[in-house]
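So that the names make sense, note that chain A is the first sequence line, chain B the second, and so on, each numbered from 1.
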Amino acid sequence: MKVRTRFAPSPTGFMHVGNLRTALYAWLWAKKNDGVFMLRIEDTDQARFVEGAEEMVYKTLRTAGLTWDEGPDVGGEYGPYVQSQRKDMYLPYAKQLVEMGKAYYCFCTKEELDERRAAVEAEGGTFKYDKHCLSLSKEEVERRIAAGEPYVIRQNVPTEGKADFDDAIFGHIEVDCSELDDMILIKADGMPTYNFANVIDDHTMGVTHVLRGMEYLSSTPKYNLLYDAFGWEKPTYVHLTTIMRDATHKLSKRDGDATFEDLVNLGYLPEAIINYLALVGWSPGDEREFFTLDELKEAFSLEGLSKSPAIFDHNKLRWMNAEYIRRMDGKAYFEKALPWLCRAGLGEMAAKPENEEIFIRILQPRTEVFSDIANVVDFLAELGEYDIELFTNKKSKTNPEVSKAVLESVIPLMEALPDWNETALHDLLIGYAEANGMKNGTLLWPVRIAMSGRTVTPGGAIEIAALLGRGEALRRLKLGLDKLAAV
RNA sequence: GGCCUCGUGGUCAAGCGGUCAAGACACCGCCCUUUCACGGCGGUAACAGGAGUUCGAUUCUCCUCGAGGUCACCA
């Protein structure tokens, strides 16, 4: 049978990385098996409708490379792919269950239930619906429905026996029916609940493998009662572990960088995010860590899925992103970096053709996340205040006195330079150090400090001088000398 | 609280009765070096605890502990 998987988000905002990973695994499993990956929008909760969230889902999936074969926008023979548009499909199935005695109409109002629940819980108990409306006669039910009384349809769970299912990762899961509540299948507004819609949709849409979060693990046996009632073949369930922020909290959107969009905006590359995400909760079994989507597709297997929750390691994502950046083509890197350089006020400097290569050379190996760039290069846009103590560096054998002497002798030479470019600057400065028997560092440290006001900079004195250009470089050097005048 | 699930270094994670218990990130040290990175080399660090089963348990069973999930007219 052809493998069909689905990703079924409820459109409530940005895409949490945990959801993205679920989508990824579902996509991988379908693609690995030459199957179909479909997108279904679960919007049965009208109260939670969020404008534009559906488009967000499309956009995220697309930039992540997870294209769907069937879905709301592309269609398919199992449509519609939006649950609210399937509204009319559910009631007949629910009625069928009622006929079979596997479900029943219930007229208890939400308020009554809430009250009873509160009372039970106040005494430390767990509320369970008492099947109150199960005993209603058919006539009474019909009468009340005809009278326009609001109702829901509940699943009639047996009071005895077991409900169970087999999970591809967790194995056999079994629970006593007595633990189960008569869950609502059809809500008072006529919409199905998630639980019911899922069963109906997954079956009618031919889903063969259900990949979803762990939170459904304990309610799945209850779904299977429904499959059994209808006599339907059950899909293979694959419950995925939760992605955690730390040992005791799951990664939440409130943490600020838990959505795909957050990460992209911070300057993470979609391919790196996907690659990292694939490895949170799944292992290829060998030592590979870098995968394209295609390679992932080859390597993916249900056996490699983990049973225990994994903590999202920003550190490792960062490293992996850096690794992706380093492997980028220089040009491509520059293109991605340019907006960030502009944001740092370096648009003009970066626009000079001769500077492009320098920027690539000094920044690419140092960029872990694109948003880092601004803080690393801001000194190029503006020289900040700095203390002359920065001129002291033991390893370079410099201090304010030495620096003063260095700047005094080197500034005129630089001013006299006919061409201001890296090669010329290099030959001049390195040549000078050599001729005077100095360590390169002794000469270059003061020059770099004066030009940057920073002890740590991307690139060295020569690159910085070239980027700054003759006028600005010299201005800063003289400024440095002034600062040192009193020494 | 009932029920379900999970438990290998700080983190991800291999292992699926016999290993000196991989690898990666992070951390530390050394080298390279024009600062910082990059790169190279090396290092610290783990089977939650206790009973069994077995010639032998990280691996199988049970208990304890710890953590998560679930008990909605939310998904």
With a 4.0 Å limit, can you tell me whether [X] has a side-chain N or O closer than that to the phosphate oxygens OP1/OP2 of [N]?
X      : N     : result
A:R361 : B:C38 : no
A:K307 : B:A67 : no
A:T44  : B:A75 : yes
A:R318 : B:C25 : no

To the side chain of [X], which of [options] is closest?
X      : options             : value
A:D313 : B:U11, B:U33, B:C6  : B:U11
A:I462 : B:A13, B:U34, B:G69 : B:U34
A:S308 : B:C12, B:U34, B:G7  : B:G7

Do the two ring centres, one from A:Y276 and one from A:F312, sit under 6.0 Å apart?
yes

Which part of the nucleic acid does A:T248 contact within heavy-atom distance under 4.0 Å: base, sugar-phosphate only, or nothing?
sugar-phosphate

Is there a donor N/O on one and an acceptor N/O on the other, under 3.5 Å, for the side chain of [X] and the base of [N]?
X      : N     : result
A:T242 : B:G68 : no
A:K316 : B:A24 : yes
A:R448 : B:U34 : no

Quick one: on RNA chain B, does A:E287 or A:D176 contact a more 5' nucleotide (nearest heavy atom)?
A:D176

Which is more 5' along RNA chain B, the nucleotide nearest A:R366 or the one nearest A:I169? Just name the residue.
A:I169

Check A:K331 with A:D329, please: is the shortest side-chain N to carboxylate O separation under 4.0 Å?
no

